[in-house]
Engineer: 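Shown below is the structure under consideration.
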Amino acid sequence: MLATTLLFMASALHSGAHPIAPEAIGGYSAGCLKHSMALPLTGPGYQVIRSKRLRYYGHPDLIHYLTTLANQTRMAGMPDLYIADLAMAHGGPFSSGHRSHQTGLDADIWFRMANQPISKWEQDAPKEWALIDEPSYRVLPGRFGPQQLELLRLAASKPEVARIFINPVLKGEVCKRAADEPWVAKLRPWVGHFSHFHVRLHCPAGSPDCQPQAPIPPGNGCDAELASWLKDKPQLPKVSMTYSKPRLPARCGS
């Protein structure tokens with residue numbers, strides 16, 4: 001996505017400002033973001049939810065990815081996407097919720113779309129539209145269909161995507177329907193994620209201090225690895241977890 005970064009710099013030049021390159025620094029769970037870009041709160045094919053959290057910033061590559069994906073889903077006839085947490089303006093750890101989302105390369109996209117509308121009063125605390133019953137590890141009737149499968153295919157097929165975190169039950173549903181497709185390997189099972197999926201991009205060009213995550217294992221992930229998740233049925237804790245603040249790279253200023 002070098003072109004996106006160059007476009008960002010060119011825009012700064014055109015406005016008379018000195019070109020400042022955006023940069024993701026450190027790891028996804030211990031890092032920061034320099035010279036971020038805000039995702040507009042609405043655009044073709046998407047709406048940002050929970051905007052009062054001010055978590056709608058990202059590296060320009062992430063903003064380009066999301067707006068391109070939303071345009072693709074719109075062209076495919078899907079309702080608007082609901083986009084939740086990205087990163088804060090300068091990255092770094094959130095005060096609550098995620099431990100990652102610190103370098104402007106992570107984004108949460110809801111499976112609930114605008115065909116399940118969010119009212120104005122609900123916008124900052126929308127009701128989650130769960131696709132599975134977490135205690136039983138079963139898909140709720142009518143919740144995971146061709147539309148959700150196509151959304152995941154479009155989201156995961158882009159080369160800049162390193163991985164997508166998804167509930168193990170939903171990974172299993174994808175494996176039943178599309179195991180032979182190459183993008184399926186990028187879907188990584190993780191606890192929670194019963195109403196949204198979490199996209200993570202590769203470290204971008206121009207970010208030499210960005211720390212990549214280990215590559216995903218070979219194969220499509222539909223075999224013994226997935227079976228172990230489905231057997232053990234791990235779930236999110238019932239109470240909020242508190243985390244100690246990670247040690248950030250020196251360039252992050254703390």
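All values derive from a computational prediction rather than experimental measurement.
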Engineer: Identify the heavy atoms of Pro204 and Leu105 that sit nearest to each other, and give their distance.
Structural biologist: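 What the structure gives for the nearest pair is CD-CD1, 3.8 Å.
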Engineer: With side-chain contact (heavy atoms from CB on, under 4.5 Å) as the test, would you mind laying out the steps for Phe194 and Glu128 before giving the verdict?
Structural biologist: CA-CA 9 Å; Phe194 42 77; Glu128 294 189 82; 4.1 Å; yes
Engineer: Please verify the inter-ring angle class for Tyr82 with Trp110; under 30° counts as parallel, over 60° as perpendicular, anything in between as tilted.
Structural biologist: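 If you compare the ring of Tyr82 with that of Trp110, the planes turn out perpendicular.
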Engineer: Exactly one of Leu151, Leu131, Leu187, Asp108 should register a side-chain contact (heavy atoms from CB on, under 4.5 Å) with Phe197. Which one does?
Structural biologist: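 For Phe197, the side-chain contact (heavy atoms from CB on, under 4.5 Å) test succeeds with only one of Leu151, Leu131, Leu187, Asp108, which is Leu151.
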Engineer: Given side-chain contact (heavy atoms from CB on, under 4.5 Å), test Asp124 with Ser51 step by step and report yes or no.
Structural biologist: CA-CA 7 Å; Asp124 288 307; Ser51 58; 4.0 Å; yes
Engineer: With the side chain counted from C-beta on, respond yes when Pro126 and Arg50 share a heavy-atom pair under 4.5 Å apart, and no when they do not.
Structural biologist: yes
Engineer: Is the cationic atom of Arg143 (NZ for Lys, CZ for Arg) positioned less than 6.0 Å from the six-membered ring centroid of Phe111 and within 45 degrees of its normal?
Structural biologist: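 The answer is no; the distance or angle limit is not met.
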Engineer: Show the numbers, then the answer: is there a ring-ring contact (aromatic ring centres under 6.0 Å, His included) between His35 and His59?
Structural biologist: CA-CA 8 Å; His35 314 301; His59 188 280; over 10 Å; no
Engineer: Are Leu54 and Leu62 in one and the same hydrophobic cluster, where Ile, Leu, Val, Met, Phe, Trp and Tyr link if side-chain heavy atoms are under 4.5 Å apart?
Structural biologist: yes
Engineer: Ignoring hydrogens and geometry beyond distance, is a side-chain donor-acceptor pair present between Thr68 and Asn71 at under 3.5 Å?
Structural biologist: no
Engineer: Apply salt bridge (charged side-chain N to carboxylate O under 4.0 Å, His left out) to the pair Asp106 and Arg200, showing each step before the final yes or no.
Structural biologist: CA-CA 5 Å; Asp106 294 283; Arg200 173 166 293 169; 2.7 Å; yes
Engineer: So, for Ala30 and Pro249, which heavy atoms are closest and what is the spacing to 0.1 Å?
Structural biologist: O-CD, 3.5 Å
Engineer: For the residue pair Arg53 and Asp85, what are the closest heavy atoms and their distance?
Structural biologist: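 Scanning both residues, the minimum pair turns out to be NH1-OD2, 3.2 Å.
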Engineer: Looking at Lys158, is its backbone amide N or carbonyl O close enough to the side chain of Lys186 to form a donor-acceptor pair, meaning the two atoms are under 3.5 Å apart?
Structural biologist: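 Looks like yes, one N/O pair under 3.5 Å.
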Engineer: Set out, in order, the CA-CA distance, both residues' side-chain angles and the distance that settles salt bridge (charged side-chain N to carboxylate O under 4.0 Å, His left out) for Arg188 and Glu225, then state yes or no.
Structural biologist: CA-CA 10 Å; Arg188 308 301 299 152; Glu225 178 191 27; 2.5 Å; yes
Engineer: Is there side-chain contact between Trp190 and Asn167, with heavy atoms separated by less than 4.5 Å?
Structural biologist: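 No, side chains not in contact.
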Engineer: Run the numbers on Tyr56 and Leu41 for side-chain contact (heavy atoms from CB on, under 4.5 Å), then give the verdict.
Structural biologist: CA-CA 8 Å; Tyr56 48 80; Leu41 299 186; 3.8 Å; yes
Engineer: Carefully, step by step, assess Glu23 and Arg251 under the rule salt bridge (charged side-chain N to carboxylate O under 4.0 Å, His left out).
Structural biologist: CA-CA 11 Å; Glu23 191 173 355; Arg251 291 191 58 206; 2.6 Å; yes
